[in-house]
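Read the structure below first, then the notes.
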Amino acid sequence: MTVETAYTKTPLGIIKIVGNAKGVEEVTILDTVADALLTQPIPEGIQNVVSQLQEYFEGTRTQFDLVLQPQGTDFQQRVWEQLLTIPYGATTTYLDIAKQLGDPKCIRAAASANGKNPLGILIPCHRVIGSDGSLTGYAGGLWRKKWLLEHESPVKQQSLF
């Protein structure tokens, strides 16, 4: 089955989606891409991915119902499976991920695997923070990580002015 690619606009910028009817392989936020690359129409095999991402950004979807097919090592796959257990609106730490994998000493390897996540947003690597509560590392940029965490927060910040 042919792999399809689409580019769609989101509040975080243009997102590149790669996959087909058998599953999604990549969701990447791009820093620069010409609007001319925006895909119309969206290939049939990945229309569901685009729709669910739109619902997520609109605030009407908190869980994705997609077949995920990230490509990575066995260890990376284990880390990504752990990331999928972090509930919407919650965070965990890199140390907690390492402990869940059975070895607190693998914290750096777990952080590295987190950073290589090919399915950003769908596999919620943005929900992993430093042990001190700091926003550390995010392939899409810390401002996007902050935006995603605020978007998912059950407590919405109100503006006073």
Side-chain angles (χ1 to χ4, degrees), residues 3-35 37-73 75-94 96-97 100-101 110-130 133-157:
V3 175
E4 300 170 311
T5 301
Y7 297 86
T8 189
K9 197 175 277 194
T10 74
L12 298 177
I14 305 296
I15 289 187
K16 176 183 177 186
I17 302 163
V18 178
N20 56 33
K22 289 188 175 187
V24 59
E25 298 175 9
E26 179 185 342
V27 171
T28 307
I29 303 169
L30 304 175
D31 281 322
T32 57
V33 71
D35 280 350
L37 284 179
L38 292 176
T39 308
Q40 292 299 331
I42 301 296
E44 186 177 329
I46 52 181
Q47 285 176 352
N48 193 27
V49 181
V50 173
S51 295
Q52 289 192 35
L53 281 167
Q54 286 172 337
E55 292 167 358
Y56 168 82
F57 284 113
E58 291 166 357
T60 60
R61 176 173 291 278
T62 59
Q63 291 186 326
F64 295 100
D65 182 22
L66 299 165
V67 177
L68 307 180
Q69 295 186 320
Q71 303 300 309
T73 66
F75 181 78
Q76 288 170 335
Q77 297 283 349
R78 288 180 48 221
V79 170
W80 300 335
E81 287 293 322
Q82 285 300 315
L83 297 177
L84 288 169
T85 68
I86 308 168
Y88 182 93
T91 58
T92 193
T93 66
Y94 294 100
D96 287 337
I97 295 289
Q100 290 166 356
L101 293 169
S112 176
N114 189 59
K116 290 182 172 62
N117 172 16
L119 289 169
I121 302 171
L122 302 182
I123 297 178
C125 56
H126 60 276
R127 296 179 189 155
V128 183
I129 60 174
S134 63
L135 297 185
T136 58
Y138 187 66
L142 287 181
W143 73 269
R144 288 186 176 111
K145 182 172 189 165
K146 182 177 187 282
W147 189 98
L148 288 164
L149 291 174
E150 287 174 355
H151 176 69
E152 294 182 2
S153 174
V155 178
K156 300 298 180 196
Q157 192 70 16

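When a residue number appears, it is its place in the shown sequence, counting from 1. The shown structure was predicted, so the numbers you read here are calculated from the model rather than taken from an experiment.
Residues Thr85 and Thr92 are not in side-chain contact: their nearest non-hydrogen atoms beyond the backbone lie 4.5 Å or more apart. Taking 4.5 Å as the limit, some side-chain heavy atom of Leu148 sits within range of a side-chain heavy atom of Leu12. Residues Leu119 and Phe64 form no side-chain contact, since every pair of their non-hydrogen atoms from C-beta on lies 4.5 Å or further apart. Annotation: side chain of Leu101 is in contact with side chain of Val79 (closest heavy-atom distance under 4.5 Å). Considering only heavy atoms from C-beta on, Ile86 stays 4.5 Å or farther from Thr91 through its side chain. Within the 4.5 Å cutoff, side-chain heavy atoms of Leu68 are placed close to those of Leu122. Contact annotation: the side chain of Leu84 approaches that of Pro124 to within less than 4.5 Å [non-hydrogen atoms, C-beta and beyond].
Closest approach of Thr136 and Gly130 over heavy atoms only: OG1-N, 3.7 Å. The nearest pair of heavy atoms linking Ala6 to Ile42 is CB-CD1, 4.1 Å. Closest approach of Val24 and Val18 over heavy atoms only: CG2-O, 3.5 Å. Considering all non-hydrogen atoms of both residues, Lys22 and Asn20 come closest at N-OD1, 2.8 Å.
Without hydrogens or angle criteria, Gln77 side chain to Pro70 main chain gives a donor-acceptor distance under 3.5 Å. Side-chain atoms of Glu25 do not come within 3.5 Å of backbone N or O of Gly23 as any donor-acceptor pair. Put simply, the side chain of Thr28 never gets that close to the backbone of Lys16: no donor and acceptor are under 3.5 Å apart. Lys145 places no side-chain N or O within donor-acceptor distance of the main-chain N or O of Cys125, the cut-off being under 3.5 Å. Using modelled atom types, no side-chain atom of His126 and backbone atom of Arg144 make a donor-acceptor pair closer than 3.5 Å. With hydrogens and angles disregarded, a donor-acceptor distance shorter than 3.5 Å links the side chain of Trp80 to the backbone of Ala113. With Asn114 contributing its side chain and Tyr94 its backbone, the two residues share no donor-acceptor pair below 3.5 Å. In terms of modelled atom types and a separation under 3.5 Å, the side chain of Glu152 and the main chain of Tyr88 share no donor-acceptor contact.
The structure places OG1 of Thr5 at 9.5 Å from CD1 of Ile17, a figure rounded to the nearest 0.5 Å. Distance CD/Glu4 to CD/Gln47: 9.0 Å, rounded to 0.5 Å. To the nearest 0.5 Å, atoms CD (Glu58) and CG (Leu53) are separated by 11.0 Å. Remark: Tyr138 OH to Ile29 CD1 distance equals 4.0 Å, nearest 0.5 Å. Note that the CD atom of Gln54 and the CZ atom of Arg61 stand 11.5 Å from one another [nearest 0.5 Å]. The CD atom of Glu55 lies 10.5 Å from the OG1 atom of Thr62; values are rounded to the nearest 0.5 Å.
Ile15 pairs in a side chain to side chain contact (heavy atoms under 4.5 Å, CB included) with only one of the listed residues (Ile121, Leu30, Val49, Val50), which is Ile121.
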Worksheet entry | Trace of the side-chain hydrogen bond (donor to acceptor under 3.5 Å, both in side chains) decision for Asn48 with Gln52 | CA-CA 6 Å; Asn48 193 27; Gln52 289 192 35; 3.3 Å; yes
